[in-house]
Amino acid sequence: MKVTIIGCSGSFPGPDSPASCYLLEAEGFRMLLDLGAGALGALQRHIGLYDVDAICLSHLHADHCLDMCGYHVARTYGPEAPYPRVPVVAPADASKRLAAAYGMPDEPALETAFDFRPLTAGTFEVGPFTLTARLVNHPVEAYGFRVSHGGRTVAYSGDTGECAELVKLAEDADLMLCEASFVDRPGLPTDLHLSGRQAAVHAAKAGAGRLVLTHLVPWNDQATVLDDASRGGYDGPIELARSGAVYELA
Ligand SMILES: [Zn+2]
Ligand SMILES: [Zn+2]
């Protein structure tokens, strides 16, 4: 399995990265985890515009799904349209919410491009991948993902505060993409996001093989976020996510 970080900026795009989007490839199948603001542009540095086989949306905050609107245009009106509808596994409101974001008067118009399938907690197959989704700790219906293929596993936190389910998702994962939205300090908001230290605490409990801190909010000093993570009791490798970074899990 090949994992490419398309977008790792938290809450809104930064100067060097779009918002959340991760490309997972195996056996020629290409799946996106999230398609946040700006990600559709950077995605085209790595694969063709029409080469996406499936999309999974962790939740419906704009920084995780808004480029679905632009991708609908590409797949509905592109030069060789109609293109096959892309399966989209997402919280049940996705079709309605994205149609509203697009400005469609008639729902569910985005379904010319996408085949929406309701996401619930559980384990299911998407192409060659086995996915497990669990509800995480965020103010809206939000999931983290565990994705396995060929004996290798990547875990993605989505957006979450401290969360026992996240530890289960990342148990013995080769790679943990964990959000680190906050600079660590006493009295952080609860049930919303994690600091680098909290991300590392979860990685340590899970026994993850590698921790990549992501959902990095542009107003933070990322060196501080990385330093925070070094104080979480995790003894594996830790690094900051970067748009364009590739991890080959084989
Ligand atoms: Zn977010
Ligand atoms: Zn969110």
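Side-chain atoms are counted along with the backbone in the values below, which use heavy atoms only and exclude waters and symmetry mates. Start at 1 and go down the list; that is how both ligands and their atoms are numbered.
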> Taking 2.8 Å as the limit, list every protein N, O or S atom around the Zn ion (ligand 1), by chain and residue number.
Asp63 OD2, His64 NE2, Asp159 OD2, His215 NE2

> If you count heavy atoms of other groups shown closer than 6.0 angstrom to CG of Asp235, is the number above 12?
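Open.
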
> Any salt bridge linking Lys205 with Glu171? Criterion: basic side-chain nitrogen under 4.0 Å from a carboxylate oxygen.
no

> Linking I/L/V/M/F/W/Y whenever their side-chain heavy atoms sit closer than 4.5 Å, directly or via other members, would Tyr77 and Leu98 fall into one cluster?
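Tyr77 clusters together with Leu98.
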
> Same hydrophobic cluster for Leu131 and Tyr143, using side-chain heavy-atom links shorter than 4.5 Å among ILVMFWY?
yes

> Salt bridge (Lys or Arg N to Asp or Glu O under 4.0 Å) with Arg197: which of Asp227, Asp184, Asp228?
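Only one of Asp227, Asp184, Asp228 forms a salt bridge (Lys or Arg N to Asp or Glu O under 4.0 Å) with Arg197, namely Asp184.
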
> Is the Tyr102 ring parallel, tilted or perpendicular to the His72 ring (thresholds 30°, 60°)?
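Perpendicular, since the angle between the ring planes exceeds 60°.
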
